[in-house]
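Below is one structure, written out as structure tokens; comments come after it.
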Amino acid sequence: MHSIPRTLLKLLPPILTVLLLLALLAAQGVPVRAAPLAQAKVVMTAQGGFGDDGSYLIGEWFPVRVTLSNPAGGSSMRVRVEVPSRGENDANTVETYAREVDLPSPSRKEVTLYAYSGNFTRFLDVRLIQDSTVIDTVSVKLNPLERAGNMILGVASSEPSLLNILKGEPVGHSDKPLPPGAYQYQQYGPPPTPTAAYGIAPIIAGPPGAAASATISHIALNDLPTLSSALDGLGAIVVDDVDTGSITQEQHDTLAAWVARGGTLVAVARPSGTDTLSGLADLLPVTVKGTRNLSSLKSLSDLVAIPITTTGSIAVADADVKTAPGVAPRVLASQEGVPLAAVREMGRGQVIYLAASPALPPLKGWDGTAPLFKRLLVEHDLSPSASTFRRSVPLYGGYPGYGAYGSVFGANGGLFDIPGQDLPDPLLVGLFLWIYIMVVGPVNFIVLRRMKRTELAWITIPALVLVFSVAAYLVAYGAKGGEIVAVQSSVIRSAPGLDRSQATQFFGLYSPTRQTFQLRVGADSAVSEISPYGYGPGGGGPETPPQVVGGNPTTVNNVLVSTFSLKSFMAESSVSAQSPLEADLRLGDNIIEGTVRNRTTSALQDVALVRGDAVQYIGYIAPGQKMDVKLLVSSRPLDNSTPARLLPPPPNVTAPNGNGYGGYSGPPTNEQRAYNRKVELLGIGLEPVATTRPPANLDVFALAWGPGLPSGFSVA
């Protein structure tokens, strides 16, 4: 028999006492409570990009859709969801986009975040934060696609496999951007072609006329973001047998602004299906008025030279071609007076109407379905959005002035070129260092030796270093300025017939001391930090990246500006603004003639009309004033060897000559800096239309300078 340890014998009396008390309580019916259950937890799910695989184009914004569920029994709370954007590598967070969400219990809310990446990012972490504590993290799977050679086709349809036959098919065409001074190359041969060696092959479009491989992403209409910039990763959107009447006005405006920037919207009418066209009626090239039965679709099959086999009458949507001013649709195919395929140009993009669905016979199973859609999409321009280069291309990437630098005219300086950003004069720096070395060294030693107090060097050397440090700061303070300076500008792209326009705002903040700021944009915007030069990504340093909190207004937190430094940002949003000019133009004898009128209440400066290398500089137009137009019909691309024809330089100011030099040397004057900034902004406005291809239609582009946006940046 084993003996009981002495320690255990000492513990037996208290153990027995506790057991006896529990027994007495149980006998008296006193309940023993169990430990409380864990509080109900908020559940977060997220999906990024487009389609089930999260496809996105490198350098373009894409949506990240987040669903938050706070079950019954949980606590009501206010949380923040955020997602990072990546720069040149996956470890480089350039900024985060966040939204504040109130979650009562119980509740279920959906919120859309926005992100982009300048590299092959395949996963992004979405974080859920309460106060300053991360309470959940979800990894979003993504499928990165290079801009060159890829186009994402979004399909919204009740048919889950609609147009999958287009996967990998060549679609669209590419326009090559103009390098500075490209006009000069025409007599010597084509300009140099950028290659992967410059680091911009994933971003820049392919050779002129080159098509892209189609990626099919099935989307839902309620997934359409409210920020138009987040659609720039989609080349085209096809809607078939879905109720577009359910989209919000914000989503409608998002689609319209996206089309005007170069997107292609294909609306398919299905007579026996859901009313696909009700929410898009004002954008279409036709007015649908019912259903017609046709004996054949020969006109449609003739588009691709592939016969359509029919066994009886075919029900298609009946429609009338719109004749309103500014619409000017083109009918691609019609049968018995019924338009089967029609196109409306809207800004740089187009809206295509198709009267028969590819999900139904006789188009379903027809060998010509894929060729038909390739024919419909052949006019789609695969060029990247105008902001891609400034948002995500490294400073060292690209041929200088060749798109990656975003400079159509190759001007010196940038959008944020101010005297405080200038490097100090080398002679002044050298003189200062020579005096510093002489005083701290020989002069100090000679003086102390004559005083016979060389041991004081332990005091005089630190004192002299301190004096010269203060002197250096005061010299820099006087040379660079001691005030906070803000540089602000914007580009608005509008199209006739649209009430909303796409605005790109630029903001630079210079500070003489190291400070942290908060910025605001008076509109719901996609904000990204860019370099002080106005192109390439910003951030990437050891400091906390800026945090963009979406909403109206949109705020930018953690904007850390170092001493004598500048931080710059770009905001993209849709604004309520019509085209400032109203045009009445017609084609005469090798000339485009008519009138343009300033329809705004503000004067417009430096108004110019452009088509190819033909330019008519009008200059000042007062509110309500009309001006005559006489513009030659030219078959040559834009002459960008100098901006002087579009923006005449003021006295004592030199226009760049296409290679970045304007004939001046040394630090430019303030007037020269201001002109250079305007040239850069002019180039940003022209980027979408400045290509090596000659004009393919009679579209005329108007440029005008006016007052800034009321929804501009401000320092909070």
Side-chain angles (χ1 to χ4, degrees), residues 153-172 211 214 216 218 236-245 264-281 283-323 329-344 350-380:
L153 177 62
V155 179
S157 173
S158 59
E159 175 62 47
S161 61
L162 185 70
L163 297 183
N164 281 353
I165 55 173
L166 282 177
K167 182 179 179 181
E169 292 288 336
V171 289
I216 309 302
H218 293 276
I237 298 176
V238 178
V239 290
D240 170 70
D241 197 36
V242 289
D243 182 13
T244 60
T264 297
L265 175 63
V266 182
V268 179
R270 189 187 289 199
S272 59
T274 305
D275 186 4
T276 303
L277 310 179
S278 59
L280 308 173
L283 305 179
L284 297 176
V286 300
T287 302
V288 179
K289 60 179 183 179
T291 305
R292 281 278 297 275
N293 289 320
L294 302 178
S295 58
S296 76
L297 299 180
K298 183 178 183 303
S299 177
L300 200 62
S301 67
D302 287 346
L303 277 178
V304 292
I306 299 177
I308 298 178
T309 303
T310 59
T311 57
S313 63
I314 306 159
V316 299
D318 193 11
D320 291 329
V321 177
K322 289 182 179 179
T323 58
R330 290 181 288 125
V331 177
L332 302 180
S334 66
Q335 196 77 30
E336 301 174 23
V338 178
L340 300 179
V343 180
R344 174 190 177 182
Q350 52 188 200
V351 179
I352 301 174
Y353 163 79
L354 191 61
S357 172
L360 299 176
L363 298 191
K364 184 176 182 179
W366 174 44
D367 292 340
T369 299
L372 173 63
F373 274 85
K374 289 165 62 176
R375 166 64 181 85
L376 296 177
L377 297 175
V378 72
E379 296 180 40
H380 175 79

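Excluded from the calculations below are hydrogen atoms, water molecules and symmetry mates; all remaining heavy atoms, backbone and side chain alike, are included.
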Subject >> Partners passing side-chain hydrogen bond (donor to acceptor under 3.5 Å, both in side chains) against Thr264 (at least two apart in sequence or in another chain) >> reply: His380
**OP:** Apply side-chain contact (heavy atoms from CB on, under 4.5 Å) to Ala370 and list each qualifying residue two or more places apart in sequence or on a separate chain.
**Re:** Ile165, Leu166
Subject >> Non-neighbouring partners of Ser161 that pass side-chain contact (heavy atoms from CB on, under 4.5 Å), sequence neighbours left out >> reply: Glu159, Asn164
**OP:** Can you sort out the partners of Arg375 under salt bridge (charged side-chain N to carboxylate O under 4.0 Å, His left out), two or more places apart, ordered by chain and number?
**Re:** none
**OP:** Report the residues that fulfil salt bridge (charged side-chain N to carboxylate O under 4.0 Å, His left out) with Glu379, sequence neighbours left out, ordered by chain and then residue number.
**Re:** Arg330
Subject >> Under the side-chain hydrogen bond (donor to acceptor under 3.5 Å, both in side chains) test, residues paired with Thr287 that sit two or more places apart >> reply: none
Subject >> Set of salt bridge (charged side-chain N to carboxylate O under 4.0 Å, His left out) partners for Asp320, sequence neighbours left out >> reply: Lys289
**OP:** For Asp302, enumerate each residue passing the side-chain hydrogen bond (donor to acceptor under 3.5 Å, both in side chains) test, keeping only those at least two apart in sequence or located in another chain.
**Re:** Lys298
Subject >> Pair listing, side-chain hydrogen bond (donor to acceptor under 3.5 Å, both in side chains) test, anchored in residues 308-317, at least two apart >> reply: none
Subject >> Qualifying residues under side-chain contact (heavy atoms from CB on, under 4.5 Å), relative to Asp275, sequence neighbours excluded >> reply: Leu277, Ser278
Original post:
Do any pairs count as a side-chain hydrogen bond (donor to acceptor under 3.5 Å, both in side chains) and have a residue in residues 361-374, sequence neighbours left out, and if so which ones?
Top reply: Glu169-Lys374
Subject >> Summary of salt bridge (charged side-chain N to carboxylate O under 4.0 Å, His left out) pairs that have at least one residue in residues 264-274, sequence neighbours excluded >> reply: Asp240-Arg270, Asp241-Arg270
